[in-house]
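To keep things clear, I will list the structure first and then write my remarks on it.
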Amino acid sequence: MTTTETIRYDFAAIEAKWQEKWLTDKTFKAGEDPSRQKYYVLEMFPYPSGRIHMGHVRNYSIGDVIARYKRMRGYNVLHPMGWDAFGLPAENAAIKHNTHPATWTYENIDYMRGQLQRMGFSYDWDRELATCSPDYYRWEQLVFTRMYEKGLVYRKLTTVNWCESCQTVLANEQVIDACCWRCDNAVQAKDMHGWFFKITDYAEELLADCDRLTGWPEKVLTMQRNWIGKSVGAEIDFQVAGSDEKITIFTTRPDTIFGATFMSIAPEHPLVEKLASGTGHEAEVFEFVQRTRNLKKRKKQDEELEKEGVFTGGYCVNPFTGSKIPVYAANFVLMEYGTGAVMAVPAHDQRDFEFAKKYHLPIELVVDRPGAPLDPATMQEAYVEPGVLVNSGRFDAMASEEAKKAVTEHAAREGFGQSRTTFRLRDWGISRQRFWGAPIPMIYCQKCGVQPVPEKDLPVTLPTDCAPDGSGKSPLPQLESFYKTTCPACGEEARRETDTMDTFVESSWYFARYACPDAGDQVLDRSRVDHWLPVDQYIGGIEHAILHLLYARFFTKVLRDLGYLTAAEPFANLLTQGMVIKDGAKMSKSKGNVVDPNTLIERYGADTTRLFSLFAAPPEKDLEWSDQGVEGASRFLNRVFRLVQAHADLFDGSPAGVPDSIDGPGRALHRKIHQTIRKVSFDMENDFHFNTAISAVMELVNALSSATAEEAREQVEPAVLREGIEAVLLLLYPMVPHIVAELWTVTGHRQSLDGAVWPEFDPEAAREDEITIVLQVNGKLRGRLQVAAGTGEEEVKKLALADENVVRFMEGKTARKVIVVPNKLVNVVV
RNA sequence: GCGAGAGUGGCGGAACUGGUAGACGCACUGGACUUAGGAUCCAGCCCACUUUGGUGGAUGGGGGUUCGACUCCCCCCUCUCGCACCA
């Protein structure tokens, strides 16, 4: 470079130019093309909160690299973008600004779309969708009614978090330390009717199919498996002493049933009162039930409740031993899981053990430890491992596994039990007493009961002439023009459901709608959906590992069973990107450590912003923000720009093509070029480790810039320089498309880079002629040896033993063993 | 408590199936060019000793397998995330 003034490229002009071209040309429009293999890459769509944040930048940069790379590899790529547009923030903003949630939402969408376009992401904008549009949710409502017809939707009474002063149900996330997040009043438990999706019908399949999701991180699959929480065991009926009632328990350890010395039931168990009545324990039991109920509600996540219980006064009979055992109400028994009643086996369950110690209840050993027999009198903790049955009548001497089966079979035969599988997974409650959500398409008729809205009457649209008023209540139950309707069965006056759906419903199927966003007369256009689904690569934050991903899997199976699509799973491969961290914490407004992408784009441009977010860490790990790191990324792009400019004349007409017979520096550079292509291609294909891919390109740029342009021409064949520069541009294109597209025209290419093909490396060119052999004596590095590639083992060994460093460190001793690793090292053991 | 993952220079991070630990970048130091440099270029940059040629040590700690361990095995420590009384 002869000028003293350093060129900095005009990223603003360049980026604007290419972005406009991409939009007007619809460069990234995707259509079904049977001649090419499809590739569907999708990033989790954003909530239109107002502006994009660094997490979006990272997420969408990763996705865009994959999309552009796959296009270069010849795939027919679908890369859509849309908006998860229903939700509470829009209601709050509407109240604050005295407007309609739709106004705020659509304004945000417009702004954020502009931001995404300013980042140069290669979306097919013709497929853009917003879930708050009736064009979207009408199909969701139709699916809802189809699910209802199929028995996958039901209504039931449940306990919800209720804020009296706000007159609304709160989501669990909106309850902070048992108080309302908005008004800080204590939250109450209230029984309300709500609609539920029967996700539990799919528990078994959702669990089993985890094994088929080989492209998902093990961590996510583990979380899903745990969430589904399958337990195999048995249900056994215990007769209540002196009554016709029986208490059914669930256990995973039927082999320990002879050791049940008491029973624990949930304080909310329907039989608690009955058991206590007439025993003199009523007052005590009532007091305990009230106290634990209040305590439970107030319990914070992290504090552990002390195990506590009270004797109900009642007894039940162990059907296997015939003995009468006391029934306790205990605060650690959950009504929601199993049957709300547990047989207590202190010898083989730690909780029961502690409980028995506290209340002086008998401990009976029924499963003994093989090889080291136990004594219940001296046991310090429960023995929970499998073992051999003792004190168990006819089941004695059986191994635990065998006994589980035998006990269950016996109970089934005698009619007081059966094998049973339970799941931790609960049905999905989707009713929200909110305004800004998709209306639940159901109608209540006095005469005919609950009726789904017929397909011809869909969509049930949200009114545009009213909005939340700040009272905290949804206006819908008071809005006659909305709720007043007629029964589709009898035609009489009827009332519409005024609850809306959980916003997770919209995000459970949007990936399918992207395949046919224009399908105006049906939920999904099956042939197009089947063409594109499953998503080949899904990318998003780990925070959605359970809810969104589980719901999406569930919905896909439901849509399959309703005949809308064929895929059993929505996402073949999942990449969970790490968080963007600054000063050791996740970027957040409350911590004041946010970096606004806009300032970066203005100062450095989209390419630098993209490059930094890709280079600073591998995608799956957290990314520590560094202002200096951004400078480094910017510096690198400027170097690339100057490098290409300095060699621009190389591309004037002279044909490319590296001669076969080069050697010296030209050969070395040629080799480096092909080694770089090999390395970058490998990184793109394996786990998307863009950070190492970028570092490899940086090395190549360093090699190409190691001499001034003039010197380089003297040392290296122009064709090799040209090959190197083109390789740099092609390899960088998916990550920093604007600057590369611009430089590609500088290098005389008429055709746009957007249709360019990923370079292939030539193994012959990448091969090393000379190899450095590491010389070790007793495993310690003692020297290096340059040999021609392909030198025989014996020859290398001979050279190594003759090496002066090796000889020196052998100190005259003879080699006991010589290990030769071909093309790598020689280790002499003395 | 259970489950998953991770501990490597001042920092972010490299290191393929065990084979030169620290690629690449940042920061830092020195120099060049300069009215100036926060631009650019060149050089240095794990630690300790050193006769400046090297030598020794080092991937959370301890042990083991191996000719050879960041990598494999065992024990321990720390951190992050998830589920947390699931019977």
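Throughout, a chain's letter reflects where its sequence line sits, starting with A, and its residues are numbered from 1. Computed from a predicted structure; not experimentally measured.
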Proximity to the side chain of A:Y337 - top-ranked nucleotide from B:rC85, B:rC86, B:rG56 | B:rC86

Report the secondary structure of RNA chain B in dot-bracket form, marking unpaired bases with a dot and bases paired to a different strand with |, and treating Watson-Crick or G-U pairs with both distances under 3.5 Å as paired.
-> (((((((..(((......[....))).(((((.......))))).((((....))))..(((((..]....))))))))))))....

Side-chain (A:R426) to main-chain (A:T200) donor-acceptor, under 3.5 angstrom = no

Rounded distance in Å - CZ (A:R635) to C1' (B:rA27) | 10 Å

A:F641 vs A:Y9 aromatic rings, parallel, tilted or perpendicular, using cut-offs 30° and 60°?
-> parallel

Can you check the A:R642 CZ to B:rC41 P distance for me, whole Å?
-> 5 Å

Select one nucleotide: of B:rC85, B:rU40, B:rG82, the one nearest the side-chain heavy atoms of A:K307.
-> B:rC85

Contact class for A:R426 vs. all strands (heavy atom < 4.0 Å): base, sugar-phosphate, or nothing?
-> nothing

Centroid separation A:F332 to A:F355 less than 6.0 Å | yes

For A:F615, answer base if it contacts any base atom (sugar-phosphate contacts may also be present), sugar-phosphate if it contacts only those atoms, and nothing otherwise; contact means non-hydrogen atoms under 4.0 Å.
-> base

Are the side chain of A:S634 and the backbone N or O of A:V630 linked by a donor-acceptor pair below 3.5 Å?
-> no

Within this structure, what is the CE-to-P distance between A:M335 and B:rC85, rounded to whole angstrom?
-> 16 Å

Report yes if the distance between the aromatic ring centroids of A:F288 and A:F311 is under 6.0 Å, otherwise no.
-> no

What is the distance, rounded to the nearest whole Å, between atom CD of A:E631 and atom P of B:rA39?
-> 8 Å

Check: protein-nucleotides 63-72 of chain B nitrogen or oxygen pairs below 3.5 Å:
{"from": "B:rC67", "atom 1": "OP1", "to": "A:K817", "atom 2": "NZ", "distance (Å)": "3.3"}
{"from": "B:rC67", "atom 1": "O2'", "to": "A:N827", "atom 2": "ND2", "distance (Å)": "3.3"}
{"from": "B:rC67", "atom 1": "O2", "to": "A:N827", "atom 2": "ND2", "distance (Å)": "2.4"}

Taking A:T261 for its side chain and A:P362 for its backbone only, find out whether a donor-acceptor pair lies under 3.5 Å.
-> yes

Choosing from B:rC86, B:rC83, B:rG82, which nucleotide comes nearest the side chain of A:W227?
-> B:rC83

Would you say A:T692's side chain and A:H689's backbone share a donor-acceptor pair under 3.5 angstrom?
-> yes

Compute the centroid of each ring, for A:W625 and then for A:F612, and state whether the two points are separated by less than 6.0 Å.
-> yes

